[in-house]
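The basis for the numbers below is simple: all heavy atoms, side chains too, and nothing from hydrogens, waters or symmetry mates.
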Amino acid sequence: MDEGRQKRITFGTLLGVALAACLPTGVTLGDRPFPSPILGLVVFSIVNKLIHSYPSEIRSAPPITLLVLGLVGIVQDSLIWLLASWLGTQLGMGLHVDGLGSALWGGVVVRLATLACLAIPMRKAGQERDA
């Protein structure tokens, strides 16, 4: 996987974690603003590196591939939210998910944010902007 793609996945994950915490999804990051979002990002990043469920080229992927990988990704992200909530409770980080429904909504938000970041076209090194 190229470096730019991995950066977009990481940025999309961070954006999704932040959005899931801001939107009324049942995901709360606690009182302390620093460690909880980092815990969510770290857990999501580790599991996403272990289980890769993103299309290789999102802009040209067939719709059925996007649908299947999107649904699998939402289930994966929902389970990750539950894992992150459990870890947050064990470590006293304040990261909390209200239940399976909240984890599902959080998974939808993270997956959509990540897929949106992957859909943004990237310029190759050496390409110049059109004036």
Side-chain angles (χ1 to χ4, degrees):
M1 186 179 332
D2 68 12
E3 186 179 328
R5 179 177 168 78
Q6 186 58 44
K7 285 181 182 178
R8 288 187 288 165
I9 290 173
T10 303
F11 178 73
T13 302
L14 180 62
L15 180 65
V17 168
L19 282 174
C22 292
L23 296 173
T25 57
V27 175
T28 55
L29 295 179
D31 297 334
R32 294 179 287 174
F34 178 67
S36 297
I38 300 299
L39 174 68
L41 178 63
V42 167
V43 172
F44 270 92
S45 296
I46 289 171
V47 175
N48 280 337
K49 284 191 186 295
L50 296 174
I51 305 170
H52 182 73
S53 61
Y54 295 103
S56 58
E57 184 57 45
I58 195 167
R59 289 182 302 279
S60 63
I64 190 72
T65 302
L66 290 176
L67 180 65
V68 169
L69 287 176
L71 291 175
V72 167
I74 288 170
V75 170
Q76 172 187 332
D77 289 348
S78 300
L79 293 173
I80 295 170
W81 270 120
L82 293 174
L83 174 65
S85 178
W86 179 78
L87 282 173
T89 302
Q90 298 297 318
L91 299 174
M93 293 268 197
L95 180 69
H96 179 72
V97 178
D98 289 340
L100 185 60
S102 298
L104 184 64
W105 280 113
V108 168
V109 170
V110 170
R111 186 56 50 155
L112 289 177
T114 305
L115 289 176
C117 286
L118 283 173
I120 298 170
M122 297 294 293
R123 288 186 310 154
K124 301 267 191 261
Q127 275 185 337
E128 293 188 26
R129 291 184 182 178
D130 294 331

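With hydrogens and angles ignored, the 3.5 Å screen pairs no side-chain donor or acceptor of Arg8 with any backbone N or O of Ala119. Remark: side-chain polar atoms of Thr10 are paired, donor with acceptor, to backbone N or O of Gln6 under 3.5 angstrom.
Taken from CG in Leu79 to CG in Leu100, the straight-line distance is 8.0 Å, to the nearest 0.5 Å. Gln76 CD to Leu71 CG: the interatomic distance, rounded to the nearest 0.5 Å, is 12.5 Å. Note that CD1 of Ile80 and OG1 of Thr13 are 8.5 Å apart. Values are rounded to the nearest 0.5 Å.
Residues forming a side-chain contact (heavy atoms from CB on, under 4.5 Å) with Val109 (at least two apart in sequence, or on another chain): Leu19, Ala20, Leu23, Thr25. Residues satisfying the side-chain contact (heavy atoms from CB on, under 4.5 Å) test with Leu104, not counting sequence neighbours, are Ile74, Ser78.
The side-chain heavy atoms of Val110 and Thr114, taken from C-beta on, include a pair separated by under 4.5 Å. Residues Val27 and His96 have side chains not in contact (no heavy-atom distance under 4.5 Å, counting atoms from C-beta outward). For the pair Leu118 and Phe11, the minimum side-chain heavy-atom distance is 4.5 Å or more.
Hydrophobic clustering, with ILVMFWY side chains joined whenever heavy atoms are under 4.5 angstrom apart, groups Val17 together with Leu87.
Residues Gly26 and Ser102 approach most closely at CA-OG, 3.5 Å, considering heavy atoms. Taking both residues in full, the closest heavy atoms of Gly12 and Cys117 are given as CA-SG, 3.6 Å, listed atom of the first, atom of the second, then distance. Between Gly99 and Leu82 the shortest heavy-atom distance is O-CD2, 4.1 Å.
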